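One-based numbering, in listed order, for ligands and for the atoms of each. This structure is a prediction, so every number in the text was calculated from the model and none was measured. Quick note: numbers below take in every heavy atom, side chains included, and nothing from hydrogens, waters or symmetry partners.
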Amino acid sequence: MDSIGPVELLHGEGAPGCPQEGLSCPSDSSELECLQQFMVTGAQLQQIQASLLGSMEQALRGQTSPAPAVRMLPTYVGSIPHGTEQGDFLVLELGATGASLRVLWVTLTGFEGHKIEPRSQEFVIPQEVMLGAGQQLFDFAAHCLSEFLDMHPVGKQSLQLGFSFSFPCHQTGLDRSTLISWTKGFRCSGVEGQDVVQLLRDAIQRQGAYSIDVVAVVNDTVGTMMGCEPGVGPCEVGLVVDTGTNACYMEEARHVAALDEDRGRVCVSVEWGSFSDDGALSPVLTTFDNALDHESLNPGAQRFEKMIGGLYLGELVRLVLAHLAQRGFLFGGCTSPALLSQGSILLEHVAEMEDPSAGAACARAILQDLGLSLETSDAELVQQVCAAVCTRAAQLCAAALAAVLSRLQHSREQQTFQISVATGGQVFERHPRFSSILQETVMLLVPECDVSFIPSVDGGGRGVAMVTAVAARLAAHRRLLEETLAPFRLNREQLAVVQAQMREAMAKGLRGEASSLRMLPTYVRAVPDGTERGDFLALDLGGTNFRVLLVRVATGGVQITSQIYSIPECVAQGSGQQLFDHIVDCIVDFQQKQGLSGQSLPLGFTFSFPCRQLGLDQSILLNWTKGFNASDCEGKDVVCLLREAIRRRQAVELNVVAIVNDTVGTMMSCGYEDPRCEIGLIVGTGTNACYMEELQNVASVAGDSGHMCINMEWGAFGDDGSLGMLSTHFDECVDQASINPGEQRFEKMISGMYLGEIVRHILLHLTSLGVLFRGQQTQHLQTRDIFKTKFLSEIESDSLALRQVRAILEDLGLPLTSDDALMVLEVCQAVSQRAARLCGAGVAAVVEKIRENRGLEKLTVSVGVDGTLYKLHPHFSSLVAATVQELAPCCAVTFLESEDGSGKGAALVTAVACRLAQTA
Ligand code: BG6
Ligand code: GLC
Ligand code: GLC
């Protein structure tokens, strides 16, 4: 024992013996005065309570300067047990009870009231291991586990272990926990600052005897709380007075600054052992406390714990007895080598000596063993010493518990409340008076709380198993989530195959052979040259909004006035007559509002559906897409349908000059600003692309020179089954439930109209596996289209905290935990990433085609892009660009977001047509 400072005073100057001069302890001239140092007043307790509460609140707020006197470490335990947890678990307890380590085999039955007694075995940790290299300690633990399993064979099942590690740790997950500092007589090198779960895993692997999965790590207070059967109130506090002392309790998550969470509760370990407010503690510290601190392994640390924890109570008693002997108040003034040696009086000795009936005899026997002979009155004084030390410990512990209870009362905003406190540790078990003093004092300090104390049955092992069960469930859920999302994670090879297939389909489509890509000629041969002038009307149908526009092309640039009109679903899916009548109504309304009635301005019509164009103003609708399904339109010329409606309405005849796809409108609109823009891309409600192809490659249009813009209608890519390899069960569900099953398969994997539905189907599946929403299907999740694509964009935004993700989902009527929210986020990411990568593979095919058409080594080209998904999603555009770069490294591709929508482009096509007509 290294004894320095005050300890030396107690040892005396020379060797132990008798009689000798006691060395001065200035404060006492009698034995009673010495004991009075251990008396704590009510006011002092209240001050400790208030000061600890202040420190707790400061730490919760995340205040760092001055450093709070307690740590308030969040654990990853978010709820008290359901009672439905079940399974067999291995539990390893390290650090709660002195130099011993315990291994347990706990069976949770899943039914309240039906308990199976755990099997357990205790191992003594050799002193040299407690103070040796960290690896040795963990190897010892792994060895104990094997020995236990050898002794208690449990069959060939997979072993899931909960690790109760009772030291201050920063947890970053249920199975990740970094040791901050050793306490309570442990000082193994190389462990502080390390993840203790990993150290244990490594040791188990080195041992090699059993394959054990370390699933969760918890503090002993948490195990104590989680294993408790609820009493009068819910059990939301765990109190341990074992070798050390500490408590945990359920705090409102929103009060814990260290967590990004504003709902629900989280268990916080107070780590009150380190509480050290000079103002509150100094008045109750004795010279014996200072001596004990000095001779400890961690002087200056854990000062509060050193007045309460079981490791220290015997030692305090020893120091007082030695002092009293040296002063001649005990043992005829004699000491003994044993009495002067650290650790010779243990907690169990104190408890036995204090016993009201057998205590005196015990004291005599115990002290005789230490080489002391007792005079008649000595036993009584020894008993008083024990009582003084333990009473103070219980009272201080009560003040600390009172602080926790007041904290609960504040955070729950309740005047009075009922609560159960689970208690554990050998001080409770071995020292019956400790518990009663603690309870009485708590009642005095927080009279408004109705507290019931519930002793833990098996030292918290059951609670650790509970947490392990939860952690094991979460780990299994994570595996299922990963399995579910794996098919959405496309690698480079898969994308290169998509690119190659797309190239082949393009070539076939252009040649007029069977292909899922129709490669439709648009009759747009030239981009605007800037000399176009005039006022034009434009219609824009097929995206999120139906718009009517007035576009003025003048010397200073293009000026647009537009109005959005809605197309109700019943109109989009009603009769064709109804749809076109509605369109004309909107045009008439717009003309009136703009003072254009009676004028017949040239009109460009953006019509974003697949059409076979026979000329710029002749366009046969091939089939509806994207939720439109108006009858009697497919196979008809859209311009004629519009003209017929005008006639029915007896409205002013419109001069329809050009009909364009939205991809073409977008390309033209961006091309007005950047002549390199030779590709149009839409990723919105639907998805599609157009580009400038060599006319000679277009079999269906005569002519060998110049270019023509080709509307690829790539949404239909894969409708011949070629995407089958990539299509998941969820894609099939979405396709089958759509109004056009089997069609637009590429679009259904990419565009905004479908991504939310894919997500919804995945969530339904994960719920049915019990992975999400506690396995409970809700009506909301069964509702088609509740997941708008804008939610994907919002949920995936980097600036959004997880709690905001939760808020969005809760607004949709999905009540969920943070774990659920995180999983939903991951589902959204997987789905949108696949979409962006597929879209990138498509663009890569197009740019490579243009490059090869022109025989260029390097192509520099721009893509005009529009669509709500592309524009609003936080990561979609960058992922498309990165994929193009990866798959088409010889092309320098710039993406330009269209500012004014395709309506402007349609007007420009019209303007070009008018210019050409005039010059002709
Ligand atoms: C705009 C057009 O360019 O983008 C629309 O003006 C087009 O007509 C749209 O369909 C695509 O985006 P969304 O998200 O509205 O389908
Ligand atoms: C010490 C540890 C703490 C533990 C307590 C009781 O104070 O730091 O984590 O809960 O002892 O064992
Ligand atoms: C659908 C349409 C297509 C349009 C695309 C984007 O795929 O069929 O014509 O370009 O959606 O709106």
Engineer: Look at Asp731 together with Lys748 and state whether they make a salt bridge at an N to O cut-off of under 4.0 Å.
Structural biologist: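 Salt bridge flag = no for Lys748 with Asp731.
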Engineer: Taking only residues two or more places apart in sequence or in another chain, which ones pass side chain to side chain contact (heavy atoms under 4.5 Å, CB included) with Leu311?
Structural biologist: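 Leu311: side chain to side chain contact (heavy atoms under 4.5 Å, CB included) contacts with Lys184, Thr243.
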Engineer: For Lys790, does the NZ atom sit with more than 12 other heavy atoms under 6.0 Å from it, leaving out its own atoms?
Structural biologist: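 No.
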Engineer: Heavy atom of Gly686 under 4.0 Å from ligand 3?
Structural biologist: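 A heavy atom of Gly686 does come that close to ligand 3.
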Engineer: Taking only heavy atoms of Pro610, which atoms of ligand 3 are found under 4.0 Å from at least one of them?
Structural biologist: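 Those qualifying, in numeric order: 8 (O), 9 (O).
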Engineer: Thr625 heavy atoms, cut-off 4.0 Å: which ligand 3 atoms fall inside?
Structural biologist: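 So the atoms of ligand 3 that pass are 1 (C), 2 (C), 8 (O).
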Engineer: State plainly whether the residues Lys306 and Asp289 are in salt-bridge range, i.e. N to O under 4.0 Å.
Structural biologist: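 Looking at Asp289 together with Lys306, the answer is no, because their closest N to O distance does not fall below 4.0 Å.
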Engineer: Verify whether one side chain among Asp220 and Ser164 offers a donor that lies under 3.5 Å from an acceptor in the other.
Structural biologist: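 No, no side-chain donor-acceptor pair sits under 3.5 Å.
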Engineer: Please tabulate, line by line, the atom pairs linking an N/O of ligand 2 to a protein N/O at a distance below 3.5 Å, with the distance in Å to 0.1, or answer 'none'.
Structural biologist:
from	atom 1	to	atom 2	distance (Å)
ligand 2	7 (O)	Thr245	O	3.3
ligand 2	7 (O)	Glu305	OE1	2.3
ligand 2	8 (O)	Thr183	OG1	3.4
ligand 2	8 (O)	Glu271	OE1	2.8
ligand 2	9 (O)	Phe167	N	3.4
ligand 2	9 (O)	Asn219	ND2	2.7
ligand 2	9 (O)	Glu271	OE2	2.5
ligand 2	10 (O)	Asn219	OD1	3.0
ligand 2	10 (O)	Asn219	ND2	3.3
ligand 2	10 (O)	Asp220	OD1	2.6
ligand 2	10 (O)	Asn246	ND2	3.0
ligand 2	11 (O)	Lys184	NZ	2.9
ligand 2	11 (O)	Glu305	OE1	3.3
ligand 2	12 (O)	Lys184	NZ	3.0
ligand 2	12 (O)	Asp220	OD2	2.4

Engineer: With atoms numbered from 1 as shown, which atoms in ligand 1 lie under 4.0 angstrom from a non-hydrogen atom of Ile682?
Structural biologist: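 Listed by number with element, the hits are 11 (C).
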Engineer: Measuring from the heavy atoms of Thr685, does anything fall under 4.0 Å of ligand 3?
Structural biologist: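 In this structure, Thr685 fails to qualify as a contact of ligand 3 - no heavy atom is under 4.0 Å.
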Engineer: Which of the numbered atoms in ligand 1 are under 4.0 angstrom from any heavy atom belonging to Arg547?
Structural biologist: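 Those of ligand 1 that fall under 4.0 Å from Arg547 are 6 (O).
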Engineer: May I ask you to check whether Asn623 and Asn740 show a side-chain donor-acceptor distance below 3.5 Å?
Structural biologist: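 Judged by distance alone, the side chains do not pair up.
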Engineer: Mind checking whether Thr666 contacts ligand 1 via backbone (N, CA, C, O), side chain (CB onward), both or neither, at a 4.0 Å heavy-atom cut-off?
Structural biologist: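 The answer is the side chain.
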Engineer: How far is atom 3 (O) of ligand 1 from its nearest protein heavy atom, and which residue and atom is that?
Structural biologist: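 Nearest neighbour among protein heavy atoms for atom 3 (O) of ligand 1, to 0.1 Å: Asp866 OD2, 2.4 Å.
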Engineer: Please tell me whether Ser516 and Asp719 have a donor and an acceptor in their side chains that are separated by less than 3.5 angstrom.
Structural biologist: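 Result is no, nothing qualifies.
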Engineer: For Thr183 and Asn298, does a side-chain donor sit closer than 3.5 Å to a side-chain acceptor?
Structural biologist: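 Their side chains do not contain a donor-acceptor pair, so the 3.5 Å distance test is not met.
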Engineer: Which ligand 3 atoms, with their elements, are less than 4.0 angstrom from a heavy-atom of Ile682?
Structural biologist: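 Within the 4.0 Å cut-off of Ile682, ligand 3 contributes 6 (C), 12 (O).
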Engineer: Should the heavy atoms of other residues, nucleotides or ligands under 6.0 Å from CD of Gln559 be counted, would the total exceed 12?
Structural biologist: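 No, CD of Gln559 has 12 or fewer neighbouring heavy atoms, counting only those of other groups under 6.0 Å.
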Engineer: Report yes if Ser902 has an N/O atom closer than 3.5 Å to an N/O atom of ligand 1; otherwise report no.
Structural biologist: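 Yes; at least one N/O pair falls below 3.5 Å.
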Engineer: Rounded to the nearest 0.5 Å, how far does CG of Leu622 lie from CZ of Phe609?
Structural biologist: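 Here the interatomic distance stands at 12.5 Å.
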Engineer: Can Gly684 be said to touch ligand 3, with heavy atoms closer than 4.0 Å?
Structural biologist: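 Gly684 does not count as a contact of ligand 3 under the 4.0 Å cut-off.
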Engineer: Ion pair present between Lys904 and Glu673, side-chain N to carboxylate O less than 4.0 angstrom?
Structural biologist: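 Salt bridge between Lys904 and Glu673, a charged N being under 4.0 Å from a carboxylate O: yes.
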Engineer: Under a 4.0 angstrom heavy-atom cut-off, which atoms of ligand 3 come close to Asn661?
Structural biologist: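 Contacts of ligand 3 toward Asn661, numbered from 1: 3 (C), 9 (O), 10 (O).
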Engineer: Specify side chain, backbone, both or neither for Thr685, according to which of its non-hydrogen atoms lie closer than 4.0 Å to ligand 1.
Structural biologist: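 Both the backbone and the side chain of Thr685 come within reach of ligand 1.
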Engineer: Indicate whether the side chain of Ser832 and that of Glu796 have a donor and an acceptor atom separated by less than 3.5 Å.
Structural biologist: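 Indeed, the side chains of Ser832 and Glu796 share at least one donor-acceptor pair under 3.5 Å.
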Engineer: Going by distance alone, is a donor N or O of one side chain under 3.5 Å from an acceptor N or O of the other, for Thr666 and Ser902?
Structural biologist: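 Yes, side-chain donor-acceptor contact under 3.5 Å.
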Engineer: Starting from atom 8 (O) of ligand 1, find the nearest protein heavy-atom neighbour and note its residue, name and distance.
Structural biologist: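 In this structure, atom 8 (O) of ligand 1 has Asp540 OD1, 2.3 Å as its nearest protein heavy atom.
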Engineer: Tell me, which protein residue and heavy-atom name are nearest atom 13 (P) of ligand 1, and how many Å apart are they?
Structural biologist: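 Going by distance alone, atom 13 (P) of ligand 1 is nearest to Thr544 OG1, 3.3 Å.
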Engineer: Would Ser608 count as a contact of ligand 1 if the rule is a heavy atom under 4.0 Å away?
Structural biologist: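 Heavy atoms of Ser608 do come under 4.0 Å of ligand 1.
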Engineer: For ligand 1, indicate whether the residue Thr868 contacts it via side chain, backbone, both or neither (heavy-atom separation under 4.0 Å).
Structural biologist: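 Near ligand 1, Thr868 shows its backbone as well as its side chain.
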Engineer: Could you tell me whether Asn545 and ligand 1 have an N or O pair separated by under 3.5 Å?
Structural biologist: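 By distance alone, the answer is no.
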Engineer: Could Glu122 and Arg102 be called an ion pair, given the rule that one side-chain N must be under 4.0 Å from one carboxylate O?
Structural biologist: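 Not counted as a salt bridge, because no side-chain N and carboxylate O are separated by less than 4.0 Å.
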Engineer: With the threshold set at under 4.0 angstrom, would you say Lys871 reaches ligand 1 through any of its heavy atoms?
Structural biologist: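 Per 4.0 Å heavy-atom rule, Lys871 does not contact ligand 1.
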